[in-house]
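Beneath this line is the structure, given in structure tokens, with notes to follow.
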Amino acid sequence: MTRIKRGYIARRRRTKIRLFASSFRGAHSRLTRTITQQKIRALFSAYRDRGRKKRDFRRLWITRINAVIRGNSVYYSYNKLIHNLYKRQLLLNRKILAQIAILNRNCLYMISNEIIK
């Protein structure tokens, strides 16, 4: 019988994985087994950190709003502001409130004074 050579499918799969890991350093971009492990690790970290990024930005926005609100009056805080916003049915999310707090503090003071009344 004649010799059967292996097809190109496995090589094509490995080159696709190598292209993914081409920017990695050392054996992480050269050895196939290590590349596959690093690919799994990289994709898992990307998935995990997408959620973490949302959390971190929300914390940043809350911190900014709280700092500006507390600077205005001593007895008023972030949670009271958000509570009063919901009571008044003013639908401003934390990202917008943080941008207002940084760019135009007087506007945020006006909003907080209006919802206190």
Side-chain angles (χ1 to χ4, degrees):
M1 293 183 70
T2 58
R3 180 174 167 266
I4 299 172
K5 295 197 297 184
R6 291 292 305 262
Y8 63 95
I9 294 170
R11 187 170 62 244
R12 191 171 58 184
R13 177 175 48 85
R14 288 189 198 108
T15 52
K16 198 188 323 181
I17 294 172
R18 281 214 169 89
L19 285 173
F20 178 84
S22 61
S23 62
F24 297 170
R25 294 183 65 183
H28 296 308
S29 66
R30 290 191 191 96
L31 305 177
T32 305
R33 284 186 186 172
T34 317
I35 288 172
T36 54
Q37 291 171 357
Q38 289 304 309
K39 180 182 177 183
I40 292 169
R41 185 183 179 121
L43 293 175
F44 174 75
S45 297
Y47 170 74
R48 180 196 61 217
D49 292 338
R50 277 195 296 274
R52 188 172 287 175
K53 184 171 73 169
K54 293 178 182 70
R55 251 192 327 260
D56 290 343
F57 270 108
R58 184 182 167 100
R59 285 178 62 191
L60 175 69
W61 298 329
I62 290 171
T63 306
R64 286 177 174 172
I65 297 166
N66 197 20
V68 172
I69 287 295
R70 284 180 185 268
N72 186 22
S73 63
V74 180
Y75 301 111
Y76 205 59
S77 64
Y78 165 79
N79 60 349
K80 290 179 184 173
L81 173 74
I82 295 296
H83 177 69
N84 289 332
L85 279 172
Y86 276 105
K87 275 200 319 195
R88 285 292 191 96
Q89 294 179 345
L90 290 172
L91 300 175
L92 291 171
N93 61 12
R94 286 157 183 84
K95 180 180 179 180
I96 299 298
L97 284 172
Q99 286 177 349
I100 293 171
I102 289 176
L103 299 175
N104 194 357
R105 290 184 179 197
N106 294 331
C107 184
L108 188 67
Y109 295 153
M110 285 173 36
I111 292 170
S112 63
N113 290 335
E114 282 296 319
I115 61 172
I116 289 174
K117 294 178 184 176

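Below, all heavy atoms of this structure are taken into account, side chains as well, without hydrogens, waters or symmetry copies.
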Closest heavy-atom contact between [X] and [Y]?
X      : Y      : result
Ile100 : Leu108 : CG2-N, 3.7 Å
Leu81  : Ser112 : CD1-CB, 3.9 Å
Ser29  : Ala21  : CB-O, 3.1 Å

At what distance, to the nearest 0.5 angstrom, does CD1 of Ile62 lie from CG of Asn79?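 If we round to the nearest 0.5 Å, Ile62:CD1 and Asn79:CG are 10.5 Å apart.
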Other than [X], what residues sit in its cluster of Ile, Leu, Val, Met, Phe, Trp and Tyr side chains whose heavy atoms are under 4.5 Å apart, directly or through others?
X      : result
Ile9   : none
Tyr8   : none
Leu103 : Ile102

Does [X] belong to the same Ile/Leu/Val/Met/Phe/Trp/Tyr cluster as [Y], with side-chain heavy atoms less than 4.5 Å apart forming each link?
X     : Y      : result
Val68 : Leu60  : no
Leu31 : Ile17  : no
Ile96 : Met110 : no
Phe57 : Ile65  : no

Please examine the side chains of Leu97 and Ile82, heavy atoms only from C-beta on, and report whether any two atoms are closer than 4.5 Å.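 Yes - at least one pair of side-chain heavy atoms lies under 4.5 Å apart.
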Pairs in or reaching into residues 81-106: which pass side-chain hydrogen bond (donor to acceptor under 3.5 Å, both in side chains), with residues at least two apart or in two chains? Tyr76-Asn84, Tyr78-Arg94
With side-chain hydrogen bond (donor to acceptor under 3.5 Å, both in side chains) as the rule and sequence neighbours excluded, what pairs involving residues 50-67 come up? Asn66-Arg70
Atom CZ of residue position Arg12 - does it have more than 12 heavy atoms of other residues, nucleotides or ligands inside 6.0 Å? yes
Validation: residues 34-49 side-chain donor-acceptor distances under 3.5 Å, sequence neighbours left out:
| unit_1 | atom_1 | unit_2 | atom_2 | d |
| --- | --- | --- | --- | --- |
| Thr36 | OG1 | Thr32 | O | 3.4 |
| Thr36 | OG1 | Arg33 | O | 2.6 |
| Ser45 | OG | Arg41 | O | 3.0 |

